[in-house]
Amino acid sequence: MISDVRATQAPRFYGTAYEQMLEKVRYEGAYPTRERADEAVRLVLAGLGRQLTGDERVDLAACLPVEAARVLTTQVPDTRPLTGWAFIKDLATRSGASLATTRWDAGSVFAAVTAHAGSGLITRILHQLPTGYALLFGRAELAPAAA
């Protein structure tokens, strides 16, 4: 007798706020299913959780739905911060996806994160992270002013 593995897995039940976040990611990323959007959210937020520290990490977690905050905060921050490009390469390696797909996932998830966090917190986060993240959040990468 062949059993269907999907039939034996318990369905995931999420809170309304996380369901809405998944729908935003699904829409932004043009993903065919909510499950695919959930995979993208978990991949990208886990990666961000390995990069973000301090008050920005705490404040972001407080803005996100509990399921998303849990993914972010269960990660131990890396001792060596990654640039935006290295962040994408790391996520691609971990997921086995192409760089283009991973970049798409990051942009889709960060659009939803921005909607929850607001512009001010995202600006603080971008000041903490190495170069290359602004573009992932849909912002221009600004060079520091010359002294």
Side-chain angles (χ1 to χ4, degrees), residues 5-6 9 11-147:
V5 173
R6 289 173 295 187
Q9 294 176 342
R12 291 185 176 182
F13 296 103
Y14 299 125
T16 303
Y18 189 66
E19 291 282 349
Q20 291 170 344
M21 182 179 190
L22 289 180
E23 284 306 313
K24 179 158 182 60
V25 171
R26 184 176 176 193
Y27 176 78
E28 292 287 334
Y31 296 114
T33 64
R34 189 174 20 184
E35 290 75 22
R36 177 63 187 97
D38 186 45
E39 289 171 13
V41 167
R42 291 176 183 285
L43 173 71
V44 174
L45 287 182
L48 185 60
R50 290 188 292 276
Q51 297 302 305
L52 201 55
T53 61
D55 290 342
E56 289 76 17
R57 178 183 173 107
V58 172
D59 292 348
L60 180 58
C63 294
L64 295 174
V66 67
E67 297 89 345
R70 191 174 300 122
V71 172
L72 178 83
T73 59
T74 57
Q75 300 301 308
V76 175
D78 287 338
T79 56
R80 185 181 51 97
L82 299 174
T83 65
W85 178 239
F87 174 79
I88 294 300
K89 289 194 296 188
D90 178 64
L91 295 182
T93 299
R94 290 172 186 267
S95 67
S98 71
L99 291 173
T101 298
T102 304
R103 168 61 181 90
W104 185 266
D105 289 347
S108 301
V109 173
F110 287 155
V113 167
T114 298
H116 282 276
S119 181
L121 178 54
I122 297 302
T123 298
R124 288 178 35 218
I125 288 169
L126 291 175
H127 282 291
Q128 184 192 97
L129 295 171
T131 61
Y133 285 87
L135 292 173
L136 300 175
F137 278 92
R139 293 186 176 189
E141 186 80 45
L142 301 176

- If only atom types and distance count, is the side chain of Glu67 paired as donor or acceptor with the main-chain N or O of Gly15 below 3.5 Å? yes
- Message: Could you measure the distance from the NZ atom of Lys24 to the OG atom of Ser108? Nearest 0.5 Å is fine.
- Response: 10.0 Å
- Message: Any side-chain to backbone donor/acceptor pair from Glu56 onto Ile125? Under 3.5 Å, distance only.
- Response: no
- Task: Go through the steps for Arg124 and Asp55 under the test salt bridge (Lys or Arg N to Asp or Glu O under 4.0 Å), then give the verdict.
- Result: CA-CA 10 Å; Arg124 288 178 35 218; Asp55 290 342; 5.4 Å; no
- Item | Side-chain H-bond candidate by donor/acceptor type, Arg94 with Thr102, under 3.5 Å | no
- Look only at the side chain of Glu28 and the backbone of Ala112, and say whether a donor-acceptor pair between them is shorter than 3.5 Å. no
- To the nearest 0.5 Å, tell me how far Leu82 CG sits from Leu91 CG. 8.5 Å
- Just how far is it from atom CG of Leu60 to atom NE2 of His116, taken to the nearest 0.5 Å? 10.0 Å
- Query: Relative to each other, are the rings of Phe87 and Tyr133 parallel, tilted or perpendicular (30° and 60° limits)?
  - Reply: tilted
- Task: Show the numbers, then the answer: is there a side-chain contact (heavy atoms from CB on, under 4.5 Å) between Asp38 and Tyr18?
- Result: CA-CA 9 Å; Asp38 186 45; Tyr18 189 66; 2.5 Å; yes
- Do any N or O atoms from the side chain of Gln128 and from the backbone of Leu52 form a donor-acceptor pair under 3.5 angstrom? no
- About how many Å separate NZ of Lys89 and CZ of Arg103, when rounded to the nearest 0.5 Å? 15.0 Å
- Note on the structure: So CG of Leu22 and CD of Glu39: to nearest 0.5 Å the spacing works out to 11.0 Å
- Using a distance-only test with no angle check, is there a side-chain donor-acceptor pair under 3.5 angstrom linking Asp105 and Tyr31? yes
- Task: Could you grab the distance from atom CG of Leu72 to atom CZ of Arg50, nearest 0.5 Å is fine?
- Result: 10.5 Å
- Can Leu99 and Trp85 be said to form a side-chain contact (heavy atoms from CB on, under 4.5 Å), step by step? CA-CA 10 Å; Leu99 291 173; Trp85 178 239; 3.6 Å; yes
- Side-chain heavy atoms of Val113 within contact of Leu45, under 4.5 Å: yes
